[in-house]
Every structure is written in structure tokens, then in C-alpha cells.
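Report on one structure; see the data block that follows.
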Number of protein chains: 2
Amino acid sequence: MQKRILIVEDESSIRDMVAFALRKSDMEPMAAADAREAQLAVAATVPDLILLDWMLPGMSGLELARRLRRETLTAEVPIIMLTARGEEMDRVAGLEAGVDDYVVKPFSTRELIARIKAVLRRSHGDDGSGVIELGGLKIDGPAHRVHVGADTVPIGPTEYRLLHFFMTHAERVYSRAQLLDHVWGGSVYVEERTVDVHIRRLRQTLQPWKLDGLIQTVRGAGYRFSANV
Amino acid sequence: MQKRILIVEDESSIRDMVAFALRKSDMEPMAAADAREAQLAVAATVPDLILLDWMLPGMSGLELARRLRRETLTAEVPIIMLTARGEEMDRVAGLEAGVDDYVVKPFSTRELIARIKAVLRRSHGDDGSGVIELGGLKIDGPAHRVHVGADTVPIGPTEYRLLHFFMTHAERVYSRAQLLDHVWGGSVYVEERTVDVHIRRLRQTLQPWKLDGLIQTVRGAGYRFSANV
DNA sequence: GGTTTTGGTTACGGTTGCGTGACAACCATC
DNA sequence: GATGGTTGTCACGCAACCGTAACCAAAACC
């Protein structure tokens, strides 16, 4: 199925170049020159992924990312930020805003496409309906439910958010701090070890179906949801 | 390992400027003023990267790019096009011809060098997604994983950091002190011989796949990761 | 051939990171 | 205000990991 990619960038030459590369890779480009156009575009058609320039006229890309994350419509749409060299220090702020990846300018279209595919692959199994199936586990976003085959898994709110984040960001390691940012939200302060406890609880709720191995510990780095082996 | 860069450009002042910048960045410049000279130069010595002016006397840079792509000798050599401002509409044609990147005149040598390095990095197994493949070994940064074919290599934290550093800095010798700086971080003090032990451990974890030879000892100097025999 | 230097290998004590169980605080519902 | 469920924190214990020293093997030097 064809993916829709929204590119928010005020420099038209970059927009054109990216749009062409996207079409060539069987993706459908949508374009916006600033934050306002972006919000209009999103309201009309929800894209599968958003490319966001760090510097935009009016509102910064970062601020736009935050707003998009707050809108229920676009809260789950992955975001890749385009940053100029030297702006790399702000990655932390981006992570808090829920940015999925960064591409540093100058980039070649080939590189950009590779990243886009990587991010889309991560949320694999998401057919647009908000239902993701991975490793024998099915999470239903709209219904707020988790299934294994015909069974429904009883799961608490925090565990659910944690699992949902993992399943939309599979095959990638997240530190406790990053998980706190994404699942708890950057504003509240809780101990990092709290993550451990919730990981444990999540594993426990998955145990009856022998699926606790899906959540893996990477010593010294964090945790990873992986459907492979 | 020194890289050879062929610059095809009829304006001699630009040729000289670029050649100077290349030498300063430890790259070897080759020069050609038109398509004919370029083809002769390529036949004599295949460069690692080609800088191609959009406007050339006789044959256009674009047409030359297409021809180079068809030749088996140069089909894999990355190409960066130099275009004057206003020629941007034709980027699409360049991308179709297999051009890797663009630099718009006037450009700073710093920017040009940055682009060259980015493209070269990519041609060495690093596509920017954080996954590097070298010598049969694949290291996945985001997933914090090491693969050999379909297998996953079990690896500890320090070994992983060491291997990651080596794979992002292949074909170059690093002293124990430098490795301590880069892998352990400059702040902590540990004995230099500790590096030896971790090299040993890393070799041991790679042994089951007969890949321990990738890490070579350079007596009196340090260690080197090399994918070339 | 013997000595010195350099790196390989092994074993071990100490540390750290993570899993686990318990518990108090909080919240919603009745 | 009682009950059941959920959440954040802490303390304990284990297993993995790390750094060091000591010893062995191999070059390099004389």
C-alpha cells in the first residue's frame, strides 16, 4: 500500500527534490511550506509520516512537532526532523517532543529514503487503521485493547501505553529516560527505575501467552521490543 | 586510506580551488576540463568519487553522468553534480541518471568537503540509518545489535561500544590510549592493558563465525579493524 | 642464543545493573 | 469511608560484567 509522506520545508528546491525521490520509491508526497499549511494538509489527509524542517518561518519545526503530537489525529504519525549541521545539540529537545529520527543536511535523497523506510518498517503491521500486529501480539489503538489470537489481554493503562509505544517503535533500543519521555511525558518527574518495574509488570501480563520474551533487556542501554527471535 | 576524487569542470579557477581543498582534507584530486578528458582519466585510474559540472563544453554533465553509469568500471562510483543557481529544475533529470548529490554554486569548500565525506561514508556500508555492514559483519546502532547473516551475535556493553567504534573508523590504526579516549571516554582512568583484554574478548565473541581476524594487531602501534583480508 | 619488549591469555575480586517482591500512596467506584 | 485496582519507590539479591595483575608466548633487539 502506498504511503503518504508530508514534507514541511520552506525551501522549494528541497521540497521538489524530495517529492521526486518519494514518487520514485512508490510513496505519495504531500508538501507544505510552513506550519499553517502543514496543519491544513494534515486536517485534509492524515499522512503516514511527516518530514519536518527544523527551521520554519513563523513557528519552529520543533514547536510544530509538539503540537502535532498533542492532536489525537496525528499523535501516532512518525516524525523525521531535517536539521542543518550544528543544530545537533538539540536532539534531546526533539526526543522530548516525540521525534522519531533525524536527518542532518546535507543529505542525499537516497539516504533520506533509507531513513523513511526504516521508520515505516518500525511501525510495521500498521495498516492505517491503528491496529498493529507484531510477534503474535495484536494491539488495537482505537479500541484500546490487546489481543493474542482470540484472547484479550487484561492490561493496565500505563502498561498499555508502554506496550503501544514499543509496538510502534519495534526493533530499537530505548533508554529509561527516553521511555519516560515518550510514555510518561516529559513534564512529570519519576525515578528511572520505575521503568524497570513497569517492564516487569508488562512482561508478567504477557507471560501466560509466553510472549514476555518480546521485551528484551539491553544491559547498559535500555529495553527493546523485538519480534525476531 | 586516501581517496581519489575526479573533478570535471572547465573553469580552471574552480578546479584549482577544489583541488586545494581536497588535498587539505587528505584526498587526492584528479582533474579534467571536459567529457573527453574525464573519460580518459577514468580509464587510466578509477576514482572513488566524481565531481561533475552541469555545464561542460561539448557534452553536458548530465549526459556524461549517464554514460559513466552505463560503464561497468564506473557504474558504482558516486557522482556529485555542481550546478549554478537557477538550474534547480533539472535536479530530477540528474536523480534519474543516478546522481548521488548536488552542490549549488557558489559553494564554500567546507560545504563541498562535507558533502563528499557524507557520500563516501555512504558508499562504505553506512547509509545514514545507523546500520553499518563491513566484512560480513553488520552492526545495527538503533537496535543495538550485531549480526552475521541471519545470526545475532551475543555481545556485552563494552565489547559493543568497541566494535561500534571500530566499524565506524575502519582501516585505521588506533593506539590503546586513543581507544580508551573514544570508547571509555576521556574522564575515567583505566590501565592501557585493559584494552588488550577487551580486544581479546571481542575476538572471542566473533570467533564462532571466524571473524576474529577482522581485528588486527599492529605491533608497537595499536589495533585496527579491517575488512580487507 | 639470550635478553628485552610487546602482546595474548587466564583467573579473580569488586562493582554495577537489573529483576523481583513488598509496600504505601493514590484514585475511582460503590 | 470501604474496597479493589493502579502507581511510584525502595531494599534485597543475584548474575553479568569490568579492571587488574600475573603469567605465558612471540617478536625484536643485541
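In what follows, chains are A, B, ... by sequence order, proteins preceding strands, each numbered from 1.
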Nearest-angstrom distance from the residue atom CG of A:Leu180 to P of D:dT7: 14 Å
Single hit among A:Leu137, A:Ile199, A:Leu214, A:Leu134 for side chain to side chain contact (heavy atoms under 4.5 Å, CB included) with A:Phe166: A:Ile199
A:Arg224 (side chain) donor-acceptor with A:Gln216 (main chain) under 3.5 angstrom: no
Rounded interatomic separation in angstrom, taking CD1 from B:Ile155 and P from D:dC17: 11 Å
Atom pair distance, as rounded to whole Å: CD in B:Glu192 and P in D:dT20: 11 Å
d(CD, A:Gln207; C1', C:dT20) in whole Å: 12 Å
Donor-acceptor contact below 3.5 Å, side chain A:Asp48 vs main chain A:Arg4: yes
Nearest-angstrom distance from the residue atom NE2 of A:His198 to C1' of D:dC10: 14 Å
Exam field: side chain A:Arg161 to backbone A:Val183, donor-acceptor pair closer than 3.5 Å: yes
Atom pair distance, as rounded to whole Å: CG in B:Asp212 and P in C:dG8: 12 Å
Nearest-angstrom distance from the residue atom CG of A:Leu179 to P of D:dG8: 13 Å
B:Leu206 backbone acceptor or donor facing B:Asp212 side chain under 3.5 Å: no
Distance-only polar pair, side chains of A:Arg200 and A:Gln204, donor-acceptor under 3.5 Å: yes
Protein-nucleotides 2-7 of chain C N/O pairs closer than 3.5 Å?
from: C:dT6; atom 1: O2; to: B:Arg219; atom 2: NH2; distance (Å): 3.1
from: C:dG7; atom 1: OP1; to: B:Arg176; atom 2: NH2; distance (Å): 2.9
from: C:dG7; atom 1: OP1; to: B:Gly220; atom 2: N; distance (Å): 3.0
from: C:dG7; atom 1: OP2; to: B:Arg176; atom 2: NH2; distance (Å): 2.5
from: C:dG7; atom 1: O5'; to: B:Arg176; atom 2: NH2; distance (Å): 3.0

B:Trp184 side-chain N/O to D:dC18 phosphate OP1/OP2 under 4.0 Å: no
Pairs flagged by side-chain hydrogen bond (donor to acceptor under 3.5 Å, both in side chains) wherever residues 143-152 of chain A is involved - sequence neighbours left out: A:His147-A:Thr152, A:Asp151-A:Trp209
Between protein and nucleic acid, restricted to nucleotides 21-30 of chain C and to nitrogen or oxygen atoms under 3.5 Å apart, what atom pairs and distances do you find?
from: C:dG21; atom 1: OP2; to: A:Arg200; atom 2: NH2; distance (Å): 2.2

Spacing of B:Ser25 atom OG and B:Gln2 atom CD [to the nearest 0.5 Å]: 11.0 Å
Sidechain-backbone polar pair: B:Glu171 side chain, B:Ala227 backbone, donor-acceptor under 3.5 Å: yes
Atom-pair distance (CG on A:Leu162; C1' on D:dT6), nearest Å: 15 Å
